[in-house]
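Here's the structure, in structure tokens; my notes come after.
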Amino acid sequence: MPLVEFAPLRIPLHRRLETAAVALYYYSFYFGALIGTLIILGLFFTSYYPLAILYLSWAYLIDGRTPEHGGRRSNFIRKLRIWKYFRDYFPITLVKTSELEPTKNYIFGYHPHGVLCAGAFCNFATEATDFTNVFPGITPHLLPLMALFKPPLFRDYIMCSGMCNVTRESCEYILTKKGPGNSVVIVVGGAEEAFDAHPGTYSLILKPRKGFIKLALRTGASLVPVFAFGENDVFNQVNNPRGSWLRDIQLKIQKKVAFAPVLFHGRGIFQYTFGFLPHRKPINVVVGEPISVTKVDNPTPEQLDDLHATYIERLKKLFEDHKSKYYVPESTELVIY
């Protein structure tokens with residue numbers, strides 16, 4: 001067995017395009033913030049420095065609150081052919097189990113986080129799986145880390161996909177001021193859940209996560225559990241069991257810098273042995289049945305706990321009802337921390 005398994009020289013063009021699309025997504029998130037910052041800084045050392053001043057003034061003084069006020073989605077960007085190549089690389093599918101009424105607003109709870117939320121991006125931040133045709137009248141807004149909207153240029157790049165800030169102000173604006181059908185997609189487990197993203201594992205951080213439940217009660221938006229079978233399978237991760245010294249260090253760093261320092265690896269562009277691109281493993285994103293929520297301006301702790309328990313119960317049922325279809329052993333249970 002060779003130390004490095006290289007990709008064949010002769011490979012269909014569509015496979016090369018799929019790899020290129022995935023590389024664009026992953027490397028843009030690995031280095032996009034740095035590249036955007038370097039471009040703006042670089043302009044200050046040229047005769048084009050007024051452009052940098054104008055951009056920074058506009059982005060942070062005039063346009064600074066756009067990520068919290070519905071973003072700036074571009075259907076042209078969302079429908080680019082490149083995202084269909086991204087979809088086919090894994091492949092990623094969108095599975096509908098129930099109708100969603102366009103007269104209502106929804107909070108989609110996405111599980112699990114995985115390393116970089118490939119299924120969430122493909123289904124909710126692009127039209128690669130034809131979301132608007134599968135769920136007509138529903139406009140999703142994927143809500144990533146707040147820190148992603150700080151770097152220059154990169155903030156504008158991700159807003160084109162419909163992404164918005166995950167602050168309370170942003171969520172309430174979308175769910176109460178943009179009209180019916182506008183919905184948010186929250187990766188409930190957050191960055192911390194990425195530490196559990198090992199192939200073949202089904203562990204979620206959900207018990208302490210009640211902010212999205214409170215948001216649902218305050219706005220009256222229905223809750224929709226979403227489970228992505230295969231999200232954890234596309235990367236390998238260094239062994240870091242709960243309670244280990246490595247996990248403790250990772251958690252301390254994560255609490256200070258807001259993102260998860262996950263020690264992961266996948267494959268490369270021209271070889272399959274090591275790199276930072278995901279493996280070609282299917283991701284099947286199953287959208288569950290909505291949970292109707294009655295609006296409560298000031299929900300009590302008991303109301304929060306009751307709705308939270310209902311959500312966990314429905315999410316577990318969604319997992320159990322579909323796991324056999326996606327080759328999850330029958331004995332496997334969803335572990336919730």
Inset, instruction - Apply ring pair (Phe, Tyr, Trp, His ring centres under 6.0 Å) to F29 and F154, showing your working. - result: CA-CA 9 Å; F29 273 85; F154 186 69; 5.6 Å; yes
Inset, instruction - Report the C-alpha distance between F212 and Y311 in whole Å, list the side-chain angles of each, state the deciding distance to 0.1 Å, and finish with yes or no for ring pair (Phe, Tyr, Trp, His ring centres under 6.0 Å). - result: CA-CA 11 Å; F212 75 110; Y311 181 86; 5.0 Å; yes
Inset, instruction - Take F86 and F90 through the test ring pair (Phe, Tyr, Trp, His ring centres under 6.0 Å) and record every step on the way to the result. - result: CA-CA 8 Å; F86 179 90; F90 296 90; 5.4 Å; yes
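No hydrogens or angles considered: nothing links the side chains of Y337 and E193 as a donor-acceptor pair under 3.5 Å. Judged purely by distance below 3.5 Å, without hydrogens or angles, the side chains of T219 and E172 never pair a donor atom with an acceptor atom. Defined by atom type and a distance below 3.5 Å, a donor-acceptor pair is missing between the side-chain atoms of H198 and N239. With no hydrogens or angles considered, a side-chain donor-acceptor pair links T129 and N123 at under 3.5 Å. Residues D156 and Y55 bring a donor and an acceptor atom of their side chains to less than 3.5 Å of each other. Side chains of E169 and H69: a donor on one and an acceptor on the other come within 3.5 Å.
Note on ring orientation: taking the six-membered ring where Trp is involved, the planes of Y27 and F31 are parallel (angle under 30°, cut-offs 30° and 60°). Note on ring orientation: taking the six-membered ring where Trp is involved, the planes of F124 and F108 are tilted (angle from 30° to 60°). Classification of the H322-Y326 ring pair by plane angle, with boundaries at 30° and 60°, yields parallel. Taking the six-membered ring for Trp and thresholds of 30 and 60 degrees, F227 and F319 have ring planes more than 60 degrees apart, a perpendicular arrangement.
Note on L143: it does not cluster hydrophobically with M163, by side-chain heavy-atom contacts below 4.5 Å among ILVMFWY residues. A single hydrophobic cluster is not seen to contain both Y106 and L315; linkage of ILVMFWY side chains at heavy-atom distances under 4.5 Å, directly or through other members, places them apart.
Residues Q254 and P261 form a side-chain contact, since some pair of their non-hydrogen atoms from C-beta on lies under 4.5 Å apart.
When all heavy atoms are compared, the tightest approach of L318 to P225 is CD2-O, 3.6 Å. For the residue pair T132 and I138, the shortest heavy atom distance occurs at CG2-O, 4.5 Å. Of all non-hydrogen atoms in E320 and K323, the two that sit nearest each other are OE1-NZ, 2.9 Å. Here the shortest heavy-atom pairing between I283 and A118 reads CD1-CB, 4.0 Å. Of all the heavy atoms in L204 and P112, the pair that sits closest is CD2-CB, 3.6 Å. When all heavy atoms of T93 and N284 are compared, the closest pair comes out as OG1-OD1, 2.6 Å.
A salt bridge links D305 with K210: at least one charged nitrogen is closer than 4.0 Å to a carboxylate oxygen. Ionic pairing of K84 and D130 is present here: one or more N-O contacts between side-chain nitrogen and carboxylate oxygen are shorter than 4.0 angstrom. By the 4.0 Å N-to-carboxylate-O rule, R267 lies too far from E5 to be salt-bridged with it.
K96 forms a cation-pi arrangement with F135, by the criterion of a distance under 6.0 Å to the ring centre and an angle within 45° of the ring axis. Within the cation-pi definition used here (under 6.0 Å to the ring centroid, within 45° of the axis), R87 does not qualify as a partner of Y85. A cation-pi contact links R155 to Y60, judged by a cut-off of 6.0 Å to the six-membered ring centre and 45° from its axis.
Of the listed residues (Y25, F121, Y89), just one forms a ring pair (Phe, Tyr, Trp, His ring centres under 6.0 Å) with W83, and that residue is F121.
Applying the 6.0 Å contact sphere to CD of Q271 captures more than 12 heavy atoms from other residues, nucleotides or ligands.
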